[in-house]
Amino acid sequence: MHLNSNPNSYICDAFQHADLLWSLSPHVLTKAVQPQVTLLPTVNGSNPRYDGVDGHWPESPERSPCVAGIIPVIYYSVLLSLGLPVNVLTSVALARLAARTRKPSYHYLLALTASDIVTQVIIVFVGFLLQGAVLARQVPQAVVRTANILEFAANHASVWIAVLFTVDRYNALCRPLRHRATSSPGRTHRAIAAVIGVTLLTGIPFYWWLDVWRDADPPSTMDKLLKWAHCLIVYFIPCNVFLVTNSAIILRLRKRGQRGLRPLVSKSTAILLGVTSLFALLWAPRIIVMLYHLYVAPVHRDWRVHLALDIANMLAMLNTEVNFGLYCFISKTFRATVRQVICDVHMACALKSQPKQTVVELMLKSVGTEL
């Protein structure tokens with residue numbers, strides 16, 4: 001997942017091709033300044049001499065233009081500047097609730113928030129903004145492929161921690177006795193650690209992930225396997241788990257209502273339904289466009305698919321920020337904890353800005369009033 005090349009990269013390309021022409025003999029230079037210059041090998045060509053040269057030629061109809069322009073850069077900058085502080089605040093509030101109540105659900109939500117922070121740093125900042133916009137993807141191939149491992153591992157961790165949370169809520173509602181007997185913070189931490197370890201392993205094959213923005217050749221067998229593995233691991237399998245467990249939870253609540261009992265919908269269950277529904281809606285466009293790119297029209301040649309993938313990526317990354325609003329909307333306890341965290345931070349900043357003598361006087365006055 002990368003942004004389109006920065007327009008400044010075209011200037012770099014012009015200097016690179018100019019250096020190439022000046023290195024030729026006068027006879028070849030006379031020919032090179034003719035229109036045949038567009039026949040020089042591109043990045044997708046077979047000549048290894050031009051492997052580091054961007055192959056975008058404005059007069060060639062083969063490559064789709066970036067219709068979105070600078071909008072994705074602005075969007076991801078705003079998303080990172082707002083989403084990162086919000087997720088840090090969410091993690092602090094959830095850590096307090098997890099320490100206070102020792103409920104497994106808060107531990108899962110804390111791990112989910114931490115994985116969202118990692119996703120924002122690795123994918124949004126390093127992948128989209130730093131590598132795509134600032135460096136215009138003039139990055140060594142080994143660095144890009146190593147970043148691919150971290151990006152896909154962060155994606156997988158975020159999704160499969162949500163799967164753990166779903167299974168925990170299913171056991172709490174449908175098998176309450178077993179859940180009470182087996183649930184503990186230590187068991188929860190071991191399950192989270194196991195998922196993180198497995199997702200790191202699942203990210204290794206994506207070292208060979210091809211850049212969809214530049215992939216003009218027909219997809220190879222390896223390319224198809226990796227794209228299908230991405231769709232299965234990050235969307236189809238988790239969504240099937242969400243569908244089965246959420247359906248079982250809803251049926252359980254309906255049966256309680258039919259028996260004349262009040263269907264107890266806890267805050268954790270409501271948060272679960274909201275988190276999984278938002279994930280399914282926000283990630284669906286990326287999966288659809290990825291399969292369309294694979295079998296119908298590639299991003300490299302069709303500007304409409306190019307634009308659709310830009311929008312789909314922006315929606316998918318929005319999923320890393322919306323959970324804070326969902327928690328505040330559903331849970332009064334979470335809202336109160338967030339207010340407490342903000343007040344504590346404000347108080348700490350106010351005390352640091354005051355002279356030491358003034359702080360001591362304020363503390364003595366507060367103690368005197370209490371006595």
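- Note: the hydrophobic cluster containing M290 also contains W208 (ILVMFWY, side chain heavy atoms under 4.5 Å, direct or indirect links).
- The two residues R252 and L173 have their closest heavy-atom pair at NE-O, 3.4 Å.
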Distance-only check: which donor-acceptor pairs under 3.5 Å involve side-chain atoms of residues 164-171, not counting sequence neighbours?
unit_1, atom_1, unit_2, atom_2, d
T166, OG1, A162, O, 2.8
D168, OD1, H179, NE2, 2.9
N171, ND2, V167, O, 3.3

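- Of the possible polar contacts, one joining the S91 side chain to the V88 backbone as a donor-acceptor pair under 3.5 Å is found.
- L84 places a side-chain heavy atom less than 4.5 Å from the side chain of V121.
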Start with the C-alpha gap between V338 and Y327, add the side-chain angles, then the distance that decides, and say whether side chain to side chain contact (heavy atoms under 4.5 Å, CB included) holds. CA-CA 10 Å; V338 168; Y327 302 159; over 6 Å; no

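- Taking OG1 of T113 as the start and CG of L94 as the end, the distance is 5.0 Å to the nearest 0.5 Å.
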List the steps, then state whether side chain to side chain contact (heavy atoms under 4.5 Å, CB included) holds for Y207 with N148. CA-CA 6 Å; Y207 179 87; N148 284 343; over 6 Å; no

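- Side-chain atoms of N155 and E151, non-hydrogen and from C-beta on, never get closer than 4.5 Å to each other.
- By the 6.0 Å contact criterion, OH on Y295 is enclosed, its count of non-hydrogen atoms from other residues, nucleotides or ligands being greater than 12.
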Donor-acceptor contacts under 3.5 Å from residues 319-326 side chains, at least two apart:
unit_1, atom_1, unit_2, atom_2, d
T320, OG1, Q120, NE2, 3.2
T320, OG1, M317, O, 2.6

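- One distance of note links CG of L294 with OH of Y292; it measures 13.0 Å at 0.5 Å rounding.
- Ring-plane geometry between F152 and W209 is classed as tilted, the angle between the planes lying from 30 to 60 degrees on a 0 to 90 degree scale.
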Determine all donor-acceptor pairs shorter than 3.5 Å in which one atom belongs to a side chain in residues 187-195; sequence neighbours excluded.
unit_1, atom_1, unit_2, atom_2, d
T188, OG1, S184, O, 2.9
H189, ND1, P185, O, 3.3
H189, NE2, H107, ND1, 3.0

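- No continuous path of ILVMFWY side-chain contacts below 4.5 Å connects I250 to V244, so the two sit in separate hydrophobic clusters.
- Here the side chains of F236 and W228 are in contact, with some heavy-atom distance below 4.5 Å.
- Side-chain atoms of V124 and T119, non-hydrogen and from C-beta on, never get closer than 4.5 Å to each other.
- Taken to the nearest 0.5 Å, the CG atom of N246 stands 4.0 Å off from the OG1 atom of T276.
- Shown here for P285 and L315, the closest heavy-atom pair between the two residues is CG-CD1, 3.9 Å.
- With sequence neighbours left out, the side-chain contact (heavy atoms from CB on, under 4.5 Å) criterion links Y75 to L79, M314, L318.
- L243 and I237 fall into different hydrophobic clusters, where Ile, Leu, Val, Met, Phe, Trp and Tyr residues are linked whenever their side-chain heavy atoms come under 4.5 Å apart, directly or through other members.
- Across all non-hydrogen atoms, the minimal contact from T199 to I196 is OG1-O, 2.8 Å.
- At least one side-chain heavy atom of V234 sits less than 4.5 Å from a side-chain heavy atom of I287.
- Donor-acceptor pairing under 3.5 Å is recorded for the side chains of D116 and S158.
- Between I233 and W160 there is a side-chain heavy-atom pair separated by less than 4.5 Å.
- Separating the CZ atom in F125 from the OG atom in S81 is a distance of 12.5 Å, to the nearest 0.5 Å.
- No single ILVMFWY cluster, assembled from side-chain heavy atoms under 4.5 Å apart, contains both L251 and F242.
- With hydrophobic clusters built from ILVMFWY side chains whose heavy atoms lie under 4.5 angstrom apart, L232 shares a cluster with L282.
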Can you list the steps and then say if F206 with I149 is a side chain to side chain contact (heavy atoms under 4.5 Å, CB included)? CA-CA 6 Å; F206 293 92; I149 296 176; 5.6 Å; no

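- Among residue pairs with one or both ends in residues 96-115, those qualifying as salt bridge (Lys or Arg N to Asp or Glu O under 4.0 Å) are R96-D344; sequence neighbours excluded.
- Using modelled atom types, one side-chain atom of R335 and one backbone atom of C328 make a donor-acceptor pair closer than 3.5 Å.
- A distance of 11.0 Å separates CG in L82 from CG in N87, rounded to the nearest 0.5 Å.
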For L112 and V275: C-alpha separation, side-chain torsions, deciding distance, then whether side chain to side chain contact (heavy atoms under 4.5 Å, CB included) applies. CA-CA 10 Å; L112 179 61; V275 167; 4.1 Å; yes

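- Side-chain contact between H230 and L226 is absent, with no heavy-atom pair separated by less than 4.5 Å.
- Annotation: side chain of V345 is in contact with side chain of C349 (closest heavy-atom distance under 4.5 Å).
- By the side-chain contact (heavy atoms from CB on, under 4.5 Å) test, A280 is found to be paired with Y235, C239, residues two or more places apart in sequence or in another chain being considered.
- Nearest heavy atom pair, residue V289 against residue A312, reads CG2-CB, 4.3 Å.
- The shortest non-hydrogen separation linking P104 to S183 is CG-CB, 4.0 Å.
- Summarising the geometry, atom OG belonging to S268 is positioned 6.0 Å from atom OH belonging to Y106; distances are rounded to the nearest 0.5 Å.
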